[in-house]
Novice: 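Let me give you the structure first, and then I'll get to my questions.
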Amino acid sequence: MKPLITGIHHITAIAGDPQKNIDFYTGILGLRLVKKTINFDAPDVYHFYFGDEQGSPGTVFTTFPFKGARKGTKGTGELTYTAFSVSKDSLSFWIERLKKFGVLVSDVQTRFGDKLIRFEDHDGMGIELVANDSDDREGWTYGPVPKEHSIRGFYGATLNLRSKDETEKLLLNHMNYRFIGQEGERYRYGTEGKAGDIVDILVNPAGNRGMQSAGTVHHIAFRTANEASQLEIQQILMENGYMVTEVKDRNYFKSIYFREPGGVLFEIATDEPGFAIDEEEAHLGELLKLPDWAEASRKRIESALIPVTLNPEKYV
Ligand code: ZN
């Protein structure tokens, strides 16, 4: 039987200026804007989804951009670094590319045998690119980043927590994760232990709590096949004392949410139905898509949003 949870589905962050946000993730990083919609819980704010060509589960970084939002701070109780996966031979390409666009890049580090670089977007969002040869996903290109160097999807994520024990119990006992290894204060977990399913807990007992605002992650979603498997997980979590929400319809997937013991908001999202449900795959992300319940207010919603454009030609 397939495990109920099979890795990371998407990661959602709070951002500042929406145009700068689109330029960074589509222009500099070369991801595809697969959906331009609104925050279903705050309809005056965009919700952007950036991923591979189809917006496959495991590739999608999403943002709620608030122009003028003050910057948050990284700290405990937060997902502090989102790691994307690139080919083993791509790091020098990325170092050069990021520098070309004024992004400050760390020295190359080695972690669990893989080389990686670390940097931040203009809001201070923590990002890593992990070079590895175990990722068979293709990535995507529409020009600025050649396909062989393109981001394949997530590698994993780092949770910065004061202690690991309760979160580890959750991952191991109820979320199909297993322990993979330890390097210093970093503990690694995975469903299979490959790019797209890695969760690291960085233990920082005396760390200050992070403050959530622009440049910090709002939540991490784990993937499950469908609504039936999602209900099974919801049941398991409830039986074990986690405060899980009801199922919410996010149009492109169904979601349940709960806070893990270390303070990070977790979501379980279904692989079905995906982003081609309301626009053709060739035109994903081109129009502002609204859920049915918001269509009646389209005029008002559109007038409250700052217009944004895709500018791949500026990032060649
Ligand atoms: Zn989500």
Novice: Should Phe48 and Leu310 be regarded as members of a common hydrophobic cluster, given that ILVMFWY residues are connected when their side-chain heavy atoms come within less than 4.5 Å of each other, either directly or indirectly?
Specialist: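 Linked, Phe48 and Leu310 end up in one cluster.
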Novice: Any salt bridge between Lys35 and Asp278, counting N to O under 4.0 Å?
Specialist: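 Salt bridge flag = yes for Asp278 with Lys35.
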Novice: Count I, L, V, M, F, W, Y as connected when their side-chain heavy atoms are under 4.5 Å apart, and connections chain through other members. Are Val86 and Leu29 then in the same cluster?
Specialist: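 Same cluster.
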Novice: Answer with yes or no whether the hydrophobic clustering places Tyr155 together with Met125; edges join I, L, V, M, F, W, Y residues whose side-chain heavy atoms lie under 4.5 Å apart.
Specialist: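 No, no single cluster joins them.
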Novice: In terms of heavy-atom contacts, does NZ of Lys99 have more than 12 from other residues, nucleotides or ligands at under 6.0 Å?
Specialist: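 No, not enclosed.
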Novice: Relative to each other, are the rings of Phe24 and Phe119 parallel, tilted or perpendicular (30° and 60° limits)?
Specialist: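 It falls in the tilted class, 30° to 60°.
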Novice: Any chance CD of Glu96 has more than 12 other-residue heavy atoms, nucleotides or ligands included, within less than 6.0 Å?
Specialist: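 Check fails, neighbour count at 12 or below.
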Novice: Side-chain heavy atoms under 4.5 angstrom apart, residues restricted to Ile, Leu, Val, Met, Phe, Trp, Tyr: same cluster for Val145 and Phe154?
Specialist: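 Same cluster.
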Novice: Looking just at side-chain N and O atoms, do Thr141 and Ser150 make a donor-acceptor pair shorter than 3.5 Å?
Specialist: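 Note: Thr141 and Ser150 side chains miss the donor-acceptor criterion.
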Novice: Under 3.5 Å, is there a donor on one side chain and an acceptor on the other for Glu267 and Ser255?
Specialist: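 On atom types as modelled, these side chains qualify, holding a pair under 3.5 Å.
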Novice: Going only through I, L, V, M, F, W and Y residues with side-chain contacts under 4.5 Å, is there a path from Tyr187 to Ile220?
Specialist: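 Same cluster.
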Novice: Work out which heavy atom in Thr37 is nearest to a heavy atom in Pro291; give both atom names and the distance.
Specialist: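 Heavy-atom minimum between the residues: OG1-CD, 4.3 Å.
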Novice: Between atom CG of Asn173 and atom CD1 of Ile236, what is the distance when rounded to the nearest 0.5 Å?
Specialist: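 The distance works out to 11.0 Å.
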Novice: Within the 4.5 Å heavy-atom criterion, are Ile28 and Leu98 side-chain neighbours or not?
Specialist: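 SC-SC contact between Ile28 and Leu98 confirmed.
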Novice: Measuring only between side-chain heavy atoms, which start at C-beta, is Arg97 closer than 4.5 Å to Pro144?
Specialist: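 Counting from C-beta outward, Arg97 and Pro144 do come under 4.5 Å.
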Novice: Mind checking what makes salt bridge (charged side-chain N to carboxylate O under 4.0 Å, His left out) contact with Lys147, not counting sequence neighbours?
Specialist: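 Checked Lys147 against salt bridge (charged side-chain N to carboxylate O under 4.0 Å, His left out); matches are Glu138.
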Novice: Is a side-chain N or O of Asn311 found less than 3.5 angstrom from the main chain of Lys314, in a donor-acceptor match?
Specialist: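 No.
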Novice: Would you mind reporting whether Leu170 and Tyr242 have side-chain heavy atoms less than 4.5 Å apart?
Specialist: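 A side-chain contact under 4.5 Å exists here.
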Novice: Dump the intermediate steps for salt bridge (charged side-chain N to carboxylate O under 4.0 Å, His left out) on Arg250 and Asp41, then the final yes or no.
Specialist: CA-CA 10 Å; Arg250 298 316 193 187; Asp41 298 324; 2.9 Å; yes
Novice: Quick check: do Thr62 and His47 have side-chain heavy atoms less than 4.5 Å from each other?
Specialist: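 Yes. Closest side-chain heavy atoms under 4.5 Å.
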Novice: Which one of Trp94, Phe84, Phe93 satisfies the ring-ring contact (aromatic ring centres under 6.0 Å, His included) criterion with His149?
Specialist: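 Single ring-ring contact (aromatic ring centres under 6.0 Å, His included) partner of His149 among Trp94, Phe84, Phe93: Phe93.
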Novice: Has Glu280 got more than 12 heavy atoms of other residues, nucleotides or ligands less than 6.0 Å from its CD?
Specialist: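 Open: at most 12 neighbouring heavy atoms sit under 6.0 Å from CD of Glu280.
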Novice: Is the ring pair Phe275/Phe253 parallel, tilted or perpendicular, if the boundaries are 30 and 60 degrees?
Specialist: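 If you compare the ring of Phe275 with that of Phe253, the planes turn out perpendicular.
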Novice: Parallel, tilted or perpendicular, judged at 30° and 60°: which one describes the rings of Tyr252 and Phe40?
Specialist: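 If you compare the ring of Tyr252 with that of Phe40, the planes turn out tilted.
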Novice: Please give me the minimum heavy-atom distance between Tyr81 and Leu79, naming the atom from each residue.
Specialist: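 Shortest heavy-atom separation between Tyr81 and Leu79 comes out as O-CD2, 3.4 Å.
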Novice: Can a donor-acceptor pair be found, under 3.5 Å and without considering hydrogens, that links the side chain of Thr76 to the backbone of Arg162?
Specialist: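 The answer is no, because no donor-acceptor pair under 3.5 Å joins these two groups.
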Novice: What do the steps show when you test Thr12 against His218 for side-chain hydrogen bond (donor to acceptor under 3.5 Å, both in side chains), and what is the final call?
Specialist: CA-CA 6 Å; Thr12 293; His218 186 265; over 6 Å; no
Novice: Quick check: closest heavy atoms across Glu166 and Pro261, and the distance to 0.1 Å?
Specialist: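 Glu166 and Pro261 have their closest heavy atoms at CB-CB, 3.5 Å.
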Novice: Contact between Leu305 and Ile38 at the side-chain level, heavy atoms closer than 4.5 Å - yes or no?
Specialist: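 Heavy-atom side-chain distance check passes, below 4.5 Å.
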Novice: Charged N to carboxylate O below 4.0 Å: is that the case for Asp52 and Arg152?
Specialist: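 Not counted as a salt bridge, because no side-chain N and carboxylate O are separated by less than 4.0 Å.
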Novice: Just by distance, do the side chain of Thr191 and the backbone of Asp197 share a donor-acceptor pair under 3.5 Å?
Specialist: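 Absent.
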Novice: What is the distance from atom CZ of Phe266 to atom NE2 of His219, rounded to the nearest 0.5 Å?
Specialist: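 The NE2 atom of His219 is 11.5 Å from CZ of Phe266, to the nearest 0.5 Å.
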Novice: State, without any angle test, whether Ser163 and Asp165 hold a side-chain donor-acceptor pair at a distance under 3.5 Å.
Specialist: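 No, because no side-chain N or O of Ser163 sits under 3.5 Å from a partner of the opposite role on Asp165.
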Novice: Identify the two heavy atoms, one from Thr82 and one from Phe61, that lie closest to each other, and give their separation to 0.1 Å.
Specialist: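 So the minimum-distance heavy-atom pair works out to OG1-CE1, 3.8 Å.
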Novice: Would you say Arg298's side chain and Leu288's backbone share a donor-acceptor pair under 3.5 angstrom?
Specialist: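 Looks like yes, one N/O pair under 3.5 Å.
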Novice: If every non-hydrogen atom of Asp121 is compared with every non-hydrogen atom of Asp123, which pair is closest and at what distance?
Specialist: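 Result for this residue pair: OD1-N, 2.8 Å.
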Novice: So Tyr189 and Leu159, do their side chains get closer than 4.5 Å, heavy atoms only?
Specialist: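 No, their side chains stay 4.5 Å or more apart.
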Novice: Would you check if there is a donor-acceptor pair between the side chains of Gln230 and Gln234 at a distance under 3.5 Å?
Specialist: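 No, Gln230 and Gln234 have no side-chain donor paired with an acceptor closer than 3.5 Å.
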Novice: Does a donor on one side chain and an acceptor on the other come within less than 3.5 Å for Tyr46 and Asn21?
Specialist: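 Distance-only check fails for Tyr46 and Asn21.
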Novice: Ile22 versus Thr63: any side-chain heavy-atom pair under 4.5 Å?
Specialist: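 A side-chain contact is absent here, since even the closest heavy-atom pair is not under 4.5 Å.
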Novice: Within the side chain of Arg32, is there an N or O that forms a donor-acceptor pair under 3.5 Å with the backbone of Gln54?
Specialist: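 No; zero donor-acceptor contacts below 3.5 Å.
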Novice: Salt bridge (charged side-chain N to carboxylate O under 4.0 Å, His left out), that's the test. Do Glu246 and Lys248 meet it? Break it down for me.
Specialist: CA-CA 6 Å; Glu246 75 279 15; Lys248 293 178 193 274; 3.6 Å; yes
Novice: Ignoring hydrogens and geometry, is there a side-chain-to-backbone donor-acceptor pair from Asn132 to Val130 under 3.5 Å?
Specialist: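 Yes; at least one donor-acceptor contact below 3.5 Å.
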Novice: Quick one, Ser90 and Glu148 - any side-chain contact, counting heavy atoms below 4.5 Å?
Specialist: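 Ser90 vs Glu148: side chains apart.
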Novice: Between Glu120 and Lys74, is the salt bridge (charged side-chain N to carboxylate O under 4.0 Å, His left out) condition met? List the steps.
Specialist: CA-CA 12 Å; Glu120 295 182 341; Lys74 291 188 188 69; 2.6 Å; yes
Novice: Distance-only, no hydrogens or angles: does the Asn176 side chain make a donor-acceptor pair with backbone N or O of Leu4 under 3.5 Å?
Specialist: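 Looks like yes, one N/O pair under 3.5 Å.
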Novice: Considering residues, nucleotides and ligands other than Asn208, do more than 12 of their heavy atoms fall under 6.0 Å from its CG?
Specialist: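 At most 12 heavy atoms, drawn from other residues, nucleotides or ligands, come within 6.0 Å of this atom.
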Novice: With distance as the sole test, does Gln182 use its side chain to make a donor-acceptor pair with the main-chain N or O of Gly184 at under 3.5 Å?
Specialist: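 Checked: pair present.
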Novice: With distance as the sole criterion, is a donor-acceptor pair present between the side chains of Glu260 and Thr167 under 3.5 Å?
Specialist: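 On atom types as modelled, these side chains qualify, holding a pair under 3.5 Å.
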Novice: Indicate the atoms forming the closest heavy-atom contact of Ile8 with Gly156, along with that distance.
Specialist: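 It is CD1-CA, 3.8 Å.
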